[in-house]
Amino acid sequence: MALSVETEPPVVVVMGVSGVGKTTVARLLADRLGLPGAEADDFHPPENIAKMSAGVPLGDRDREPWLHALGRWLGDRATAGTGGVVTCSALKRQYRDTLRAHCPDAFFLHLSGGHELVQDRLAHRVGHFMPTSLLDSQYALLEPLQPDERGAVLDVGPTPAILVESAAALLGHVNGDLA
Ligand SMILES: Nc1ncnc2c1ncn2[C@@H]1O[C@H](COP(=O)(O)OP(=O)(O)O)[C@@H](O)[C@H]1O
Ligand SMILES: O=C(O)[C@H](O)[C@@H](O)[C@H](O)[C@H](O)COP(=O)(O)O
């Protein structure tokens, strides 16, 4: 969807499969733009964490309260006019619709990478509950952004620093001037 010119700081959802780099990029982007940040994992009820830790993919019902909690975070940032950056896999269009119900202007930055690359990064990630075995289920659910959805896709081949500059440039367009 074409980027519009706005004056408010952006409210951004960094989306994509587990291990694609959402947390890494979102933190740097929030710092780069001076926006508040939040991490989707912190919004899961304990049952969801237990389920994923046991290697069982979440279902729509498991994700529903989590998506509403994230949506409220986005909506609050939009209402306050502070902008913000949050991670959320947001794999399906209907999940993004739930987030947009709270925050219609949310911008979805889809981090996209091939299965092999992401699997390799996940295999080397330490200290995270999400098992690599769930990656197949994440790709199976992933529905790319549709033309009417506000957002953009970034390939995650480059370094985090380069990705953040690309993201800031994209969002600079959203805000009427290049970052
Ligand atoms: N652009 C990148 N290049 C190389 N490694 C990356 C990149 N982005 C993230 N990583 C690494 O890949 C792993 C998964 O990244 P992470 O940000 O935790 O992904 P997610 O939040 O999407 O699950 C981490 O070990 C991280 O350091
Ligand atoms: O099933 C989902 O909707 C997602 O996987 C979501 O639950 C989240 O992505 C996990 O908490 C893993 O965290 P990372 O995506 O940060 O690996």
Side-chain angles (χ1 to χ4, degrees), residues 12-32 35 37-74 84-102 106-145 149 151-170:
V12 183
V13 180
V14 181
M15 63 166 280
V17 297
S18 177
V20 80
K22 300 180 298 293
T23 302
T24 305
V25 170
R27 278 190 191 146
L28 292 170
L29 184 63
D31 281 354
R32 168 78 169 73
L35 301 178
E39 165 63 44
D41 288 346
D42 297 337
F43 290 73
H44 275 302
E47 311 86 78
N48 284 1
I49 302 282
K51 205 166 176 178
M52 290 185 279
S53 303
V56 182
L58 299 180
D60 288 355
R61 278 210 190 153
D62 300 315
R63 291 190 180 98
E64 203 181 342
W66 172 64
L67 290 165
H68 281 292
L70 284 163
R72 284 192 291 274
W73 188 91
L74 291 164
V85 182
V86 72
T87 62
C88 178
S89 46
L91 298 173
K92 289 166 71 170
R93 164 76 195 235
Q94 75 177 73
Y95 301 162
R96 300 190 290 272
D97 287 341
T98 300
L99 297 174
R100 273 188 292 262
H102 293 272
F107 183 91
F108 288 84
L109 182 68
H110 179 190
L111 299 186
S112 174
H115 194 297
E116 230 172 87
L117 174 77
V118 174
Q119 185 154 359
D120 184 61
R121 287 184 185 173
L122 265 183
H124 291 95
R125 180 167 70 169
V126 286
H128 198 286
F129 64 84
M130 188 75 168
T132 308
S133 60
L134 285 182
L135 191 56
D136 285 350
S137 68
Q138 297 259 304
Y139 277 103
L141 276 194
L142 179 63
E143 295 172 359
L145 290 169
E149 295 190 86
V153 185
L154 270 187
D155 180 276
V156 293
T159 64
I162 290 173
L163 291 174
V164 166
E165 287 315 306
S166 302
L170 279 166

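All values below come from the heavy atoms of this structure, side chains included, with hydrogens, waters and symmetry mates left out. We number each residue from 1, following the sequence as shown. Numbering of ligands and ligand atoms starts at 1, following listing order.
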Item checked: By side-chain hydrogen bond (donor to acceptor under 3.5 Å, both in side chains) - contacts of R100 (at least two apart) -> D97, E149
Notebook entry, point to check: Using a 4.0 angstrom limit on heavy atoms, which residues are close to ligand 2?
Noted result: S18, G19, K22, D41, H44, M52, L58, R63, W66, S89, R125, H128, F129, M130, Q138
Notebook entry, point to check: Is there a donor-acceptor pair under 3.5 Å between the side chain of W66 and the backbone N or O of A40?
Noted result: yes
Notebook entry, point to check: Among H128, M52, R125, whose side-chain contact (heavy atoms from CB on, under 4.5 Å) with S18 holds?
Noted result: R125
Find all protein N or O atoms under 3.5 angstrom from an N or O atom of ligand 1 and list the pairs with distances, or write 'none'.
residue  : atom   : partner : partner atom : Å
ligand 1 : 1 (N)  : P158    : O            : 3.0
ligand 1 : 3 (N)  : R121    : NH2          : 3.2
ligand 1 : 17 (O) : T23     : N            : 3.4
ligand 1 : 17 (O) : T24     : N            : 2.9
ligand 1 : 17 (O) : T24     : OG1          : 2.6
ligand 1 : 18 (O) : R125    : NH1          : 2.9
ligand 1 : 19 (O) : G21     : N            : 3.0
ligand 1 : 21 (O) : T23     : N            : 2.9
ligand 1 : 21 (O) : T23     : OG1          : 2.7
ligand 1 : 22 (O) : G19     : N            : 3.4
ligand 1 : 22 (O) : V20     : N            : 3.3
ligand 1 : 22 (O) : G21     : N            : 3.0
ligand 1 : 22 (O) : K22     : N            : 2.8
ligand 1 : 22 (O) : K22     : NZ           : 2.8
ligand 1 : 23 (O) : G19     : N            : 2.7
ligand 1 : 23 (O) : R125    : NH1          : 2.8

Notebook entry, point to check: Distance-only, no hydrogens or angles: does the R121 side chain make a donor-acceptor pair with backbone N or O of G19 under 3.5 Å?
Noted result: no
Next item on the list: Using atom types as modelled and distance alone, determine if a side-chain donor or acceptor of K22 lies under 3.5 Å from a backbone N or O of V17.
Entry: yes
Item checked: H115: side-chain hydrogen bond (donor to acceptor under 3.5 Å, both in side chains) partners, not counting sequence neighbours -> Q119, D136
Next item on the list: Kindly say whether G59 contributes a backbone atom to a donor-acceptor pair with the side chain of D62 at under 3.5 angstrom?
Entry: yes
Next item on the list: May I ask you to decide whether R32 forms a salt bridge with E165, counting only side-chain N to carboxylate O separations under 4.0 Å?
Entry: yes
Check: Does any donor atom in the side chain of E64 or T98 lie under 3.5 Å from an acceptor atom in the other side chain?
Finding: no
